[in-house]
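Below is one structure, written out as structure tokens; comments come after it.
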There are 4 protein chains.
Amino acid sequence: MATGASGGARGGTGGRRMPRAVRERQMMDAAVRTFGRRGYRAASMDEIAELAGVSKPLVYLYLHSKEELFTACIRREAEALLTAVERAVEPELPADRQLWAGLTAFFAHAAEHPDAWSVLHRQARTHGEPFALEVAAMRGHIVAFVAGLLEAAAREAGSPGPPGERDVEGLAQALVGAAESLAAWVNESEGESGGAVSAKEAAATLMNFAWVGLGDLIKGERWSPR
Amino acid sequence: MATGASGGARGGTGGRRMPRAVRERQMMDAAVRTFGRRGYRAASMDEIAELAGVSKPLVYLYLHSKEELFTACIRREAEALLTAVERAVEPELPADRQLWAGLTAFFAHAAEHPDAWSVLHRQARTHGEPFALEVAAMRGHIVAFVAGLLEAAAREAGSPGPPGERDVEGLAQALVGAAESLAAWVNESEGESGGAVSAKEAAATLMNFAWVGLGDLIKGERWSPR
Amino acid sequence: MATGASGGARGGTGGRRMPRAVRERQMMDAAVRTFGRRGYRAASMDEIAELAGVSKPLVYLYLHSKEELFTACIRREAEALLTAVERAVEPELPADRQLWAGLTAFFAHAAEHPDAWSVLHRQARTHGEPFALEVAAMRGHIVAFVAGLLEAAAREAGSPGPPGERDVEGLAQALVGAAESLAAWVNESEGESGGAVSAKEAAATLMNFAWVGLGDLIKGERWSPR
Amino acid sequence: MATGASGGARGGTGGRRMPRAVRERQMMDAAVRTFGRRGYRAASMDEIAELAGVSKPLVYLYLHSKEELFTACIRREAEALLTAVERAVEPELPADRQLWAGLTAFFAHAAEHPDAWSVLHRQARTHGEPFALEVAAMRGHIVAFVAGLLEAAAREAGSPGPPGERDVEGLAQALVGAAESLAAWVNESEGESGGAVSAKEAAATLMNFAWVGLGDLIKGERWSPR
DNA sequence: CATGAATGAGTTTTCATTCAT
DNA sequence: TATGAATGAAAACTCATTCAT
């Protein structure tokens, strides 16, 4: 009952009377974890509050409602994922190397933050437009970034005519989709017999698949990081 | 309140006193639609029953519980999707043509049954292992089928050594993932400015992407149905 | 599906098209069993109908409602218990022998028909006046019968003054209550370590307990607080 | 709507915002009353909540489920009954006086708390093992206590040989059973023509009935079928 | 004589949300 | 800054009961 100095009796990290920013982070951590594991509807504010080590009214005071809390989680994690990818890419490199670096970072981030991944790629898309749009925006950034790389690659290769815009977008969509699908596979392969699939492995598979093309792949050609 | 058609005051198709099989189908139609649009948790049995034009107890009498109803929906729609793809593929054709046919059928089915698509690829995967496993089983069939095609293609092309099993599975995963992702894009592009993306278009994009490889693609090479 | 001669596919004993009396008995057997085990509220008409091997509408056709069905069960089993006790008692015997015979029959009947016992002594008393009254009536018969025996015993023993009516009723109540309690004990002792308690054992315990005391009581001895 | 007293518009005693312990007691009071009168199954949480003057969610927040609430009621009332009996008995008195005191207290408690009596002796025994066991435990305490008294009485009376353990338990069972049965009679006689039966009257009847007989029994006299 | 099809009304239980302090 | 106390609304599920055949 006594609430000594720091490190209270509650579940979370902290004692009482923390600055707002810290408390908010704790709550969102708890929320991401809970939303990611239980799903948006199945996650209860009770559970989130308990996991965060605060009372429910405080959650409402800071985050206002379940919807807003979920949206905040999506935004934070989308930002984090984008940042991770962007940081990994050095714009001076050739397009294929940039893609390689981005993919590796993408897979690594997904593997390191499985709850965030679940929130972004499962939950947010499954629970109504408002949330899905939030993710779609982030995805749009990534697709645009990838499309840019593809066009750059075309220029670098001295492609005769620029590919149609729609083509490029379709390709980028497919590439990003393949990456997301692989990431899910990577995440799910954890703990399975046969060993987990690493981020690099996944990135290599995808680069081969996408860059070289199945046709050539079959003939034995391979893409390689250097 | 009367919804045109013949007879019943209720929402569904029919009047009263239908044989069980018919009622069951009506209920599952309503369920797929509701689950697909609202999500598993947000869908209420009340809404499903009303949409089916029956009372809730009848739904429970025939389908036993929300979980069982959802599972039944997943099974029915997985079966339907598999059947659609299998019917489209003629085993005498070369591997790439088989893949093309299968992809086209896949995209077409997804586009024609968007609620079923949502149930299988959004909801089922998001709401607990039991459901996800049901879809994983279907996906396993498709991945195996695609992996078979890839190996056949390798043999046809006189590939020197057979690609490693893991490679092939990874490629098949990526390909199927790309297809699923494109299907989602196709479904979502409906009603957007710029016009919808057709099944054939999607299939072509993916074949180009996957079969020829981005590298060659950029150089101007293309895969084409004939 | 084919309903051959006798012994249909259903749970109960019979095939179809039985005379009403037989069907009614089957239904009440099923009802006694179900009410006895599950309790009045927890027993469902569905379960009873299935156990009886008929459809629910038939149960309603013959027995009209759950309440009436329960009442019918209570009446039938009360009658049966009374009959069993009455048959066992030979009116020419001395009072103690009559009591002994009655008790033995009572315990034996309770042990042989545990569901009926449960209906009469647990369920009926627990679920509302109308039912409890039904049992109270039967109990009244038994108490009166026992009271008669006690008075006869007093006369036989040449008791100085006849015991007050209220005394006698109180004693009879206590005796019957003790018997019921012992019967419950006997029924519950089944399957316990230490072996079951037989009807005769129970009757002997009670006769010892009560009769020896009654003997003195009849002679005018009393226990008093100080 | 207002029910006199002070404050609250609701049925119960109090206004709003009471400490948890108080609210819990109110809820359990309401539950005992409702369970005792309607029976476990027929009692609805709605009714209990209303009678307690709170909303249903609060009942669930504090007592978790109907089963747990019922169990809590049984425990509380069993404890109360035991305490009442134990408090009444002074261990220095001779065995018969102890028994007299205990019985009187028992009957008085049953008469003063008829709903609690119903919960313990009707409902709990009728609605499934888990509940019945709870009461059986309390009854075990009482039977053991009575058995102890019987043995003490035998010693005090200088009985030649101690009665067998099983005999003693049987006697104690019968005695407790008789008491319970009389208590039911006492409770039911309320409001009947002929006037109510008091706790003392009931205790006297039982003492007369049992003790005089026990006296002889202890001295070795037995009744035998012939 | 007998039943498959169907439902109105009610049950327990949960949850997001808000006061009063 | 923080919380114990409290609830309106809705969800899944069950049941006694009745038509139409």
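Residue numbers start from 1 in every chain, and the chains themselves are labelled A, B, ... in the order their sequence lines are given, proteins ahead of strands.
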Item to check | 4.5 Å side-chain heavy-atom contact, A:I74 and A:F131 | outcome: yes
Checklist entry - What nucleotide, of F:dT14, F:dT7, E:dT3, holds the atom closest to the side chain of D:S55? => result F:dT7
Next on the checklist: On DNA chain F, compare the nucleotides closest to C:P57 and D:K56; which residue's is nearer the 5' end?
Outcome noted: D:K56
Checklist entry - D:Y60 has an atom OH; how far is it from atom P of F:dA9, in whole Å? => result 19 Å
Next on the checklist: Looking at C:K56 and C:E50, would you say the former's side chain and the latter's main chain have a donor-acceptor pair under 3.5 Å?
Outcome noted: no
Checklist entry - Which listed nucleotide (F:dA6, E:dA16, E:dA2) is nearest to the side chain of A:S44? => result E:dA16
Next on the checklist: Any base atoms under 4.0 Å from D:A42, or only sugar-phosphate, or nothing? Heavy atoms, all strands.
Outcome noted: nothing
Next on the checklist: Using a 4.0 Å heavy-atom cut-off, does B:R20 contact any base of the nucleic acid, only the sugar-phosphate backbone, or nothing at all?
Outcome noted: sugar-phosphate
Next on the checklist: Given the ring of C:Y40, does C:K66 sit roughly above its face, with NZ or CZ under 6.0 Å from the centre of the six-membered ring and within 45° of the axis?
Outcome noted: yes
Item to check | Spacing between B:E67 atom CD and F:dA11 atom C1', to the nearest angstrom | outcome: 15 Å
Item to check | 5'-most by nearest nucleotide on DNA chain F - B:K66 or D:R41 | outcome: B:K66
Item to check | Minimum-distance nucleotide to A:V54 side chain [options: E:dT13, F:dT3, E:dT7] | outcome: F:dT3
